[in-house]
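Each ligand, and each atom within it, is numbered from 1 in the order the structure gives.
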Amino acid sequence: MKHLHSGKVRDLYETDEGLLLMVASDRLSAFDYVLEPEIPDKGAILTQLSLWWFEQLKDIVPNHLAGTAPDARSMVCRPLRMVPVECVARGYLAGGGLAEYRRDGAVSGVRLPQGLEDGSRLPEPVFTPSTKAPLGEHDEPISFDEVVARVGEETAEELRRITLAVYARGAEIARERGIILADTKIELGWDSNGVLTLGDEVLTPDSSRFWPLDEWEPGHAQPSFDKQYVRNWLTSPESGWDKSSGEAPPPLPDEVVERTRRRYVEAYERLTGHSFTG
Ligand code: ATP
Ligand code: MG
């Protein structure tokens, strides 16, 4: 198979039939570093979670799945011509959206009410697209009009409609399971018939913010469902790591690896209602 691309977490190959094989590794990134050691089963958990979501979303948008993968961490997909926009929906304020709101009172050009804080629920979910930055650069928020300028009005409206519908379905299902879907990023592309199709991974902890519903409390950073143990440990005196030093973090202790693994398993099991058998 031809190797096409390696991101921080996933590797992409082209199969002999001209399909794509997307392989999710067990690598975990935090604070923009890929950490050591890996989290056992993480790749398989995220791939299985994506597959489950694709099924839940198939009435909303067709997806790129094609055929059977060789193992639990991989997906065989139809190659799409990717839309040059990152499609983000936010129902709560956090991360880059919060920073923009504090600066401009708006997110991706969408004006928001005053007085919102870190973790606040928005009056209604908003489409907050961003550019697809080249490797090593950060995505920049763009307004809806800038999406129209890139892909035309009809496609821009389709992107917004699909993104908000995916968010709404995802948030509804997650909430029933005690999890807040604060925001999510999806990637859409055109298939060979020109049909807008959902690609990449979907509604995973790597593409979304999941928060435990019972711990939600606006006014400070919310505990992240998956990476909180890792972040807490890295920023605690115990790790001996200085985030601002520019040096790579130290290896994670076994206990942090195991707790993090359990958190991924729990996210999968709570959302899907299936047990993770590995
Ligand atoms: P990182 O996620 O580490 O920031 P990245 O986005 O470049 O980096 P991956 O997410 O591992 O790395 O790469 C997946 C790539 O494959 C993305 O560029 C995504 O747009 C693309 N992709 C996903 N599904 C398809 C598809 N069906 N057809 C074509 N490209 C796809
Ligand atoms: Mg990516």
- [ ] Please determine if Arg160 forms a cation-pi arrangement with Phe144, meaning its NZ or CZ atom is less than 6.0 Å from the six-membered ring centre and no more than 45° off the ring axis.
- [x] yes
Open item on the list: Tell me whether Arg27 is salt-bridged to Asp11, with the criterion being a basic N under 4.0 Å from an acidic carboxylate O.
Closed with: yes
TODO: Check if Pro79 has a non-hydrogen atom at a distance under 4.0 Å from any atom of ligand 1.
DONE: yes
Open item on the list: Which of the numbered atoms in ligand 1 are under 4.0 angstrom from any heavy atom belonging to Gly7?
Closed with: 3 (O), 8 (O), 11 (O), 12 (O)
Task: Which segment of Arg78 sits under 4.0 Å of ligand 1 when only heavy atoms are counted - done: backbone
Open item on the list: Counting only heavy atoms closer than 4.0 Å, does ligand 1 sit against the backbone of Arg10, its side chain, both, or neither?
Closed with: both
- [ ] Could you name the option among Leu4, Leu12, Asp191 that has the heavy atom nearest to atom 16 (O) of ligand 1?
- [x] Leu12
Open item on the list: We want to know whether Glu146 and Ser143 form a side-chain donor-acceptor pair, criterion being a heavy-atom distance below 3.5 angstrom.
Closed with: yes
Task: Contact partition for Leu20 relative to ligand 1, non-hydrogen atoms under 4.0 Å - done: side chain
TODO: Give a yes or no answer on whether the side chain of Trp53 reaches the backbone of Glu201 with a donor-acceptor pair at less than 3.5 Å.
DONE: no
- [ ] Enumerate the atoms of ligand 1 whose separation from the nearest heavy atom of Lys8 is less than 4.0 angstrom.
- [x] 3 (O), 4 (O)
Open item on the list: I want to confirm something. Looking only at heavy atoms, which of Leu188, Val76, Asp200 is nearest to atom 17 (C) of ligand 1?
Closed with: Asp200
TODO: Determine the minimum heavy-atom distance between Ala248 and Tyr33, stating which atoms define it.
DONE: CA-CE2, 3.8 Å
TODO: Output the list of atoms in ligand 1 that are nearer than 4.0 Å to some heavy atom of His5, sorted by atom number.
DONE: 5 (P), 7 (O), 12 (O), 13 (O)
Task: Closest heavy-atom pair and its distance - Glu117, Leu93 - done: O-CB, 4.0 Å
Open item on the list: For atom 29 (C) of ligand 1, which of the options Val23, Leu80, Thr197, Asn63 provides the nearest non-hydrogen atom?
Closed with: Leu80
Open item on the list: With a 3.5 Å distance limit and no angle check, can you tell me whether Glu14 reaches the backbone of Leu21 through a side-chain donor-acceptor pair?
Closed with: no
Task: Atoms of ligand 1, numbered as shown, that sit under 4.0 Å from any heavy atom of His64 - done: 24 (N), 26 (C), 27 (N)
Task: Salt-bridge contact Arg175-Glu172 (side-chain N to carboxylate O under 4.0 Å) - done: no
